Visitor: 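Input: one structure, supplied below.
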Amino acid sequence: MVVGAGVSGLGAIKICLEEGLEPFCFEESNDIGGLWRYETERGRPSVYKSVISNTSKEMMAYSDYPFPDHFPNYLHNSKIMEYLHMYVKHFHHLKHIRFLSKVCSVRKHSDFSFTGQWDVVVQAEGKQESYVFDGIMVCSGLFTNPFMPLQKFPGIMRFKGQYIHSWEYKSPEKFQGKKIIVIGIGNSAIDLAIELSHVAAQVFLSTRSGAWIWNRVWDSGMPMDTVLFTRFNSLDCSLPGSSVHGILQARVLEWGAITFSVSYLRRMLIIVSFIMFLWAILFLNLEEGN
Ligand SMILES: Cc1cc2nc3c(=O)[nH]c(=O)nc-3n(C[C@H](O)[C@H](O)[C@H](O)COP(=O)(O)OP(=O)(O)OC[C@H]3O[C@@H](n4cnc5c(N)ncnc54)[C@H](O)[C@@H]3O)c2cc1C
Ligand SMILES: NC(=O)c1ccc[n+]([C@@H]2O[C@H](COP(=O)([O-])OP(=O)(O)OC[C@H]3O[C@@H](n4cnc5c(N)ncnc54)[C@H](OP(=O)(O)O)[C@@H]3O)[C@@H](O)[C@H]2O)c1
C-alpha cells in the first residue's frame, strides 16, 4: 500500500509496478500532486500561488520521464502539476489510486513476525474500511503540518495583530498596506518577504541565523543545481578546505575568481598528486614482478 499520491507516492507506484508488485494507493484529497497542487481551500496544505521551483527541471524530473523541452528550467507550480498529470497518464497510474480515502492507522498484523503484514484502516465515503497489506510505503509528505513554536515567542498571546504560519499563506492581496514582520530566512521567508513588499506598507525580515542567498541561474544561464550538485562536488564538500565552499563564498561575496581559483587549483593539485602516487606504487610493483 502507498499512502499519498504526491510526487513521492506517484514514484512509489511506478517502482512497485516495475518490481511486479500490486500497488494500492490511498489519497486523502481528490487529486494527485500533493503540496504542488495549489488550492485556496482552508486546511489542505498546498504551495502558495506564486511558487516557482528552486530545483531545476533536470534535477526534479523522474529519471525515466523528462520534462518537455519547451518547459522553462525553473517551473511555476502549475507547470509541475501539468508534468505530473502527463506522467500519471503516460504510465496509467490512476487505476492504482483511490482518492478521498484517508489512511487512519497502520498497525502490525497479529502474525506480523511470520508474515510481515500490516493492518490498515482507511476512512472513505463516510465509513472505515479495514485492509491487510504485505508492505507499506509512507509518502504522506514532509511539510503536511505547520510547525509553529509559539512558546519561543513570549508575549505573542498579548499581540493584537494577526499572525500566521507560511503554511496558511496563499497570496498577498489581504496584506495590502499592513506592517509585517517575517520570521526566519528559509526559502518561504524570502519569497514571502519579497512578495509582500509589493503590497505592504513595511516589511521586516527577522533572522536568528545567517544565510547565503544566490541566484537560481549560474554562469551562461545554466541552472545552479546542475552545476553545483554533482557527485564530485558532494565528495569535495565532505572534505576539509572544500573548493566548492570556496566557489560559493567567492560568489556570495562577489569577490570573484581569486578565492575560487586558488582553492580549486589546490584541490586539483591534491588529486593529481594522489593519482601520481597510486601510479608510482603500481609501477614499482610491476617492476618488482619482472
Ligand atoms: C512552498 C514550498 C516550495 C517547495 N519547493 C520545492 C522545490 O522547488 N523543489 C523541490 O524539490 N521541493 C520543493 N518543496 C518540497 C515539496 O514538499 C516536495 O517537492 C514534494 O511536494 C514532496 O512530495 P511528497 O509526495 O513527498 O509529499 P506531498 O507533496 O506533501 O504529498 C503528500 C500526499 O499524501 C497525502 N496524504 C497525507 N496523509 C495522508 C493520509 N493519512 N492518507 C492518505 N493520503 C495522505 C496528501 O493529501 C498529499 O497528497 C517545496 C515545498 C514547499 C512547502
Ligand atoms: N521553490 C521555492 O522557491 C520554495 C519556496 C518556499 C519553500 N521551499 C522549500 O520548502 C521547504 C521548507 O522551507 P521553509 O523556508 O518553509 O522552512 P525552513 O527551510 O525550515 O526555514 C525555516 C526558517 O525559520 C527559522 N526558524 C525556525 N524556528 C524558529 C524560531 N523558533 N525562531 C526564529 N526563527 C526560527 C529557521 O531558522 P534556523 O535556520 O536558524 O533554524 C529558518 O530560517 C524547503 O525544502 C524549501 O526549499 C521552496
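Indexing begins at 1, ligand by ligand and atom by atom, following the structure's order. Bear in mind the structure is a predicted one, so any value in this text is a computation, not a measurement.
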Visitor: Can the ring centres of F24 and F26 be said to be less than 6.0 Å apart?
Guide: yes
Visitor: Please state which protein non-hydrogen atom is closest to atom 2 (C) of ligand 1 and give its distance, to 0.1 Å?
Guide: V47 CG1, 3.9 Å
Visitor: Which of the atoms of ligand 1 are close to S101, meaning less than 4.0 Å from one of its heavy atoms?
Guide: 43 (C)
Visitor: Of the listed options (R44, R37, E28, E27), which comes nearest to atom 35 (C) of ligand 1 when hydrogens are ignored and any heavy atom counts?
Guide: E27
Visitor: Answer yes or no for V47: is there a heavy-atom contact with ligand 2 below 4.0 Å?
Guide: no
Visitor: Quick one: does atom 17 (O) of ligand 2 have a protein heavy atom under 4.0 Å from it?
Guide: no
Visitor: Compute the minimum heavy-atom distance from Y74 to ligand 2 and say whether it is under 4.0 Å.
Guide: no
Visitor: Can you tell me the protein heavy atom closest to atom 18 (C) of ligand 1 and the distance?
Guide: W36 NE1, 3.9 Å
Visitor: With backbone taken as N, CA, C and O and side chain as the heavy atoms from C-beta onward, which portion of N187 lies under 4.0 Å from ligand 2: side chain, backbone, both, or neither?
Guide: both
Visitor: Apply side chain to side chain contact (heavy atoms under 4.5 Å, CB included) to F229 and list each qualifying residue two or more places apart in sequence or on a separate chain.
Guide: M59, M224, D225
Visitor: So, for Y83 and Y65, is the gap between ring centers shorter than 6.0 Å?
Guide: yes
Visitor: Considering S8, S50, S140, which one's heavy-atom position lies nearest to atom 24 (P) of ligand 1?
Guide: S8
Visitor: Can you check whether I32 reaches H85 side chain to side chain, under 4.5 Å on heavy atoms?
Guide: yes
Visitor: Under 4.0 Å, heavy-atom basis, I'd like to know which part of F143 is in contact with ligand 2: side chain, backbone, both or neither.
Guide: side chain
Visitor: With a 4.0 Å cut-off on N to O distance, would you call K49 and E195 a salt bridge?
Guide: no
Visitor: Can you list the ligand 1 atoms lying under 4.0 Å from a non-hydrogen atom of C139?
Guide: 32 (C), 33 (C), 34 (O)
Visitor: Should the proximity of S188 to ligand 2, defined as any heavy atom under 4.0 Å, be assigned to the side chain, the backbone, both, or neither?
Guide: both
Visitor: Can you see whether Y48 has K170 sitting over its ring - NZ or CZ less than 6.0 Å from the centre and within 45° of the normal?
Guide: no
Visitor: Heavy-atom distances under 4.0 Å decide this one: backbone, side chain, both or neither, for F26 against ligand 1?
Guide: backbone
Visitor: Can you list everything that forms a side chain to side chain donor-acceptor pair (under 3.5 Å) with Y87? Sequence neighbours excluded, please.
Guide: none
Visitor: Tell me, please: is R216 in heavy-atom contact with ligand 2, that is, under 4.0 Å?
Guide: yes
Visitor: Please tell me if atom 20 (O) of ligand 2 is touched by the protein, where touching means a protein heavy-atom distance below 4.0 Å.
Guide: no
Visitor: Heavy atom of I183 under 4.0 Å from ligand 2?
Guide: yes
Visitor: For ligand 2, note which part of W167 has a heavy atom under 4.0 Å away: side chain, backbone, both or neither.
Guide: neither
Visitor: Below 4.0 Å from any atom of ligand 1, is there a heavy atom belonging to V3?
Guide: yes
